[in-house]
Amino acid sequence: MDGTAPQHIESYYATSAGPIRSWPQLDRDERCEVAVIGGGLTGVSTALNLVESGVDVVLLEAERVGWGASGRNGGQAQTGFGGEIEDLEKLVDSETARALWNMTVRGLDIITERCRRHRIDCDLKQGYLLAAAKARNMAAHAEWVERAARVYGYTQFQLLDRDAVRREVASERYHGGILDTGSLHLHPLKYCLGLAEAAQAAGARLYEASRVERVTCDSIPTIHLAQGVIRADRLVLACNAFPAPDAKEIGRRIIPVGTFICATEPMDESRAQTLIPHDIAVCDDRHVLDYFRLSADRRMLFGGRESVRNGAPANLEQSIRRRMLRVFPQLGDVAIDAVWGGQIALTRNRFPDIGRLGPDIYYAHGFSGHGLALSGVVGEILAAAIKGDQRGLDVFQRIPHRAFPGGSALRTPLAWLGLFWLKVKDLL
Ligand SMILES: Cc1cc2nc3c(=O)[nH]c(=O)nc-3n(C[C@H](O)[C@H](O)[C@H](O)COP(=O)(O)OP(=O)(O)OC[C@H]3O[C@@H](n4cnc5c(N)ncnc54)[C@H](O)[C@@H]3O)c2cc1C
């Protein structure tokens, strides 16, 4: 590709990923068994699973592989969903809720297995803390730890009181929390690129700078790009927060919400260790939450702040810095080296929306901020469904999804009001 080729946005991840390989732009018509639109974790995972089971796959990415949320995120791969399990239990029967929970645990196993099998060096570490921002949240956390073991068979949660949390995070802000020793954190761009390399090595054809403009479906799906046309027996839409071409019906079920991260300058080992002694990932339990962890080179990667407007909010660096100093006032002298953001795709109920649009088109989006672990299991499920085993897909399709209200003109203002209300609830 020439000098006008798309690039990854500036972020700590892009500068620390090492040499980032590029894939060619599609420049001719092609035929394949499965075409995947979107080169994030969902698309790449689906392509990898398919190609490993002998399917001929073409993956089309408008920008660069990992350019979207997958290469920018907080790097926290945890059990569970964006929505609470007690809300899931109101939407589906108890057996389905258990199957869905188990899939989130499977999502973590997939990360570990993939890193080992494909030798992906992505700074993988274990441990995640859900920190209680209010003392009164602790009762619900205690109940969930007990129910997770009894009902869901998950025994890797430990309930921490205020003092125990203080031993995990050098902050006075938290009243306790749940330590999940099964959850992980990692460098997401390295991970996504590693999966893409593995897919290519197994025979998938990957194209970057190849934006799909239109999809038509006569006898088979036909995918139209400026540079060529792909005919495929099956199509997977893995565009997440970006509008999938010719799929308005599912587009209305998600809202893109911006979330933002900063990376501080590197700290020396002893200072970093005093902040998060066991090097776990941390997220608080508010609606508009803070999430943070240390990078492999001991920077604080601190995320938070949400926005439904297009583009970054004004004074982004100052506002993220303010949030970080509220948690870690002792970081006042530490400079911020990079600030970036991206969009998560939120569904109304905060559970992912995975399904089919007709017999030949599959889609997955709406991970609601929890796609790192879920995209792996969804890739497995979509690949299995395409190969004829619908069981996993059936389970996800039992989650009911509705469009956001308001039509195209009112959706963003209404989402802004919703977000504002959540911020108010956080203050109560
Ligand atoms: C700042 C931030 C922090 C986050 N933190 C976490 C976290 O800590 N833990 C967690 O689990 N999740 C987190 N998330 C969410 C997580 O990153 C996503 O759920 C996950 O990456 C979704 O992967 P995806 O492949 O579905 O989407 P994406 O990675 O967004 O990929 C979609 C791709 O489709 C491409 N595309 C779109 N339209 C077209 C087209 N017409 N033609 C060709 N290509 C197209 C886009 O260019 C893009 O690369 C975070 C997200 C953000 C933005």
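Counting starts at 1 for both ligands and their atoms, in listed order. Only this structure's heavy atoms are used, side chains among them; waters, hydrogens and symmetry mates stay out. Values in this document were obtained by computation on a predicted structure and should not be read as measured data.
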Open item on the list: Heavy-atom pairs closer than 4.0 Å: do any link ligand 1 to the side chain of S70, the backbone, both, or neither?
Closed with: both
- [ ] Would you mind telling me if ligand 1 is within reach of the side chain of Y291, the backbone, both or neither, using heavy atoms under 4.0 Å?
- [x] side chain
- [ ] Number the atoms of ligand 1 from 1 as they appear, then name those within less than 4.0 Å of a heavy atom of L372, with their elements.
- [x] 10 (C), 11 (O), 12 (N)
TODO: Output the list of atoms in ligand 1 that are nearer than 4.0 Å to some heavy atom of W67, sorted by atom number.
DONE: 47 (O)
Determine, using heavy atoms of [X] and all atoms of ligand 1, whether some pair is separated by less than 4.0 Å.
X    : answer
G369 : yes
G303 : no
S375 : no

Where the closest heavy atom to [atom] is concerned, which of [options] has it?
atom                    : options             : value
atom 32 (C) of ligand 1 : A238, P6, P352, G68 : A238
atom 7 (C) of ligand 1  : H365, E63, Q76      : Q76
atom 22 (C) of ligand 1 : I37, N240, T46      : N240

Open item on the list: Using the rule salt bridge (Lys or Arg N to Asp or Glu O under 4.0 Å), only one of K125, R298, R293 pairs with D279; which is it?
Closed with: K125
TODO: Give the ring-plane orientation class for Y12 versus H187, where under 30° counts as parallel, over 60° as perpendicular and anything between as tilted.
DONE: tilted
TODO: Output yes when the distance from some N or O of ligand 1 to some N or O of A241 is under 3.5 Å, and no in every other case.
DONE: no
Open item on the list: Distance to the ring centre below 6.0 angstrom and angle to the axis at most 45 degrees; does that hold for R106 and W101?
Closed with: no
Task: Distance-only donor-acceptor check, side chains N240 and H365, under 3.5 Å - done: no
